Number of protein chains: 2
Amino acid sequence: MQSPRSRSAAKKSPPVETADEKKKTLDLSALQQTPGFMIRILQLLNFEAFFRHFQSLGLSPVEYSILMTVRDNEAVTQSELAAVLKMRLPNLVKILSVMEEAGIMKRKRSARDKRAVELSLSAAGQKRADEARRLGETFNEHTLAPLSKPERAAFLQMLTRLVEAYRREFARGENA
Amino acid sequence: MQSPRSRSAAKKSPPVETADEKKKTLDLSALQQTPGFMIRILQLLNFEAFFRHFQSLGLSPVEYSILMTVRDNEAVTQSELAAVLKMRLPNLVKILSVMEEAGIMKRKRSARDKRAVELSLSAAGQKRADEARRLGETFNEHTLAPLSKPERAAFLQMLTRLVEAYRREFARGENA
DNA sequence: TATTGTTATACTCTATAACTATA
DNA sequence: TATAGTTATAGAGTATAACAATA
């Protein structure tokens with residue numbers, strides 16, 4: 001592991017690893033000290049790992065998050081779900097329609113507010129959610145596997161605080 | 001953790017707003033304990049913050065990362081840059097062409113390998129990179145502002161370790 | 001008047017195929 | 001044969017506009 005703050009140290013330094021003239025060592029310190037960049041790269045890599053891990057279910061990240069949210073929140077409305085997932089309603093509606101036609105999702109007009117549509121899982125949907133949940137637990141462990149146990153808790157807790165602080169900063173950018 | 005509603009409802013802050021029956025408290029514990037989901041949300045929020053912060057420069061995240069990498073690595077090739085940014089070469093080439101036509105980026109055939117194209121910044125490009133760098137420093141501080149000083153260092157260090165571990169796991173998914 | 005949902009559509013980003021020129 | 005680059009294009013994800021029904 002290299003030191004976290006090797007600033008402008010390695011410019012054209014000797015190739016530390018295999019000394020191919022092709023594999024020149026790049027100075028990436030600026031990006032490595034840009035949390036936003038590292039978060040983005042980690043997110044891309046994690047998505048790829050997700051698709052491999054859930055390949056047997058043919059599950060996408062967005063479907064996973066939908067299944068988990070509806071499973072834990074019977075009768076959640078489409079708008080509420082869109083806000084949680086940080087998606088635009090029209091884009092979510094399209095996905096939910098596909099899931100409904102696949103016999104996974106159930107839609108019902110709300111009695112309290114006849115504009116709203118309340119979501120719930122069909123029997124097949126609950127089965128799929130259970131399978132997703134089971135695979136999700138091992139996947140979540142894998143995601144933070146390079147960290148020690150206390151580090152994992154600390155990392156997740158900081159993630160949560162960052163997200164909450166950001167969401168407070170501009171309450172759900174979509175309707176401001 | 002099969003306990004469905006033990007976690008978030010209790011531990012999370014009480015109904016911050018007026019507790020209308022509309023603003024029901026959702027159980028989001030499953031997603032909050034999914035690091036990949038939290039990373040994705042954080043990344044989306046951070047991009048929005050980026051665009052606001054760099055509005056005066058009209059700078060996008062990808063252009064920022066290009067400027068920083070080329071600035072610190074004179075004569076980096078397009079392929080190398082694509083690998084660093086985790087982008088496909090054709091998509092990067094298009095962006096670099098725009099930057100070249102804007103007078104920011106310079107391209108030169110490599111002498112060592114006449115297939116490769118080496119990148120460097122024009123005078124205008126260096127000026128833009130300097131401005132981006134200056135704005136970037138305050139932006140990076142803002143990104144981790146909700147954390148304490150030692151937490152910021154720990155968080156960034158863990159981010160780096162996670163990214164490196166993932167990249168090792170499958171050496172650059174594109175050519176495996 | 002504002003909100004929820006729906007449809008249609010445009011825009012952006014990403015992925016792949018086909019080709020060239022070099023290695 | 002494999003790699004770097006280029007072009008074109010397809011595909012996925014995301015955005016806005018317009019509208020109907022309800023609040």
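Chain identifiers are assigned alphabetically (A, B, ...) following the order of the sequence lines, protein sequences preceding nucleic acid strands; residue numbering begins at 1 within each chain. Because the structure is a prediction, the values reported are computed rather than measured.
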Any luck finding a side-chain donor-acceptor pair between [X] and [Y] under 3.5 Å?
X	Y	answer
A/Thr143	A/Asn46	yes
B/Glu137	B/His142	no
A/Ser97	A/Arg107	yes

Parallel, tilted or perpendicular: which describes the rings of B/Phe50 and B/Phe54, with under 30° parallel and over 60° perpendicular?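 Parallel.
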
Over 60° means perpendicular and under 30° means parallel, so classify the ring planes of A/Phe139 and A/His53, tilted if in between.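 Ring orientation, 0 to 90° scale: tilted.
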
Quick check: does any side chain N or O of A/Thr34 sit under 3.5 Å from a backbone N or O of A/Phe37, one acting as donor and the other as acceptor?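 Absent.
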
Using atom [atom1] of [X] as one end and atom [atom2] of [N] as the other, report the distance to the nearest whole Å.
X	N	atom1	atom2	value
B/Leu89	D/dT9	CG	P	19 Å
B/Arg107	D/dA4	CZ	P	16 Å
A/Gln43	C/dC13	CD	C1'	13 Å
A/Ile95	C/dG5	CD1	C1'	15 Å
A/Ile66	D/dG13	CD1	P	11 Å
A/Phe47	C/dC13	CZ	P	17 Å
A/Leu85	D/dG13	CG	C1'	14 Å
B/Glu118	D/dA4	CD	C1'	12 Å

On DNA chain C, check which nucleotide each of A/Ala116 and A/Ser97 is closest to and give me the residue with the more 5' one.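 Taking each residue's closest nucleotide, the earlier one in sequence belongs to A/Ala116.
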
B/Ser79 side chain, from C-beta outward: closest of C/dT6, D/dT7, D/dA4: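 For the B/Ser79 side chain, the nearest candidate turns out to be D/dA4.
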
Give the B/S/- string for nucleotides 14-23 of chain C, one per nucleotide from 5' to 3', where a protein heavy atom under 4.0 Å of the base yields B, of only the sugar-phosphate yields S, and otherwise -. BBBB---BBS

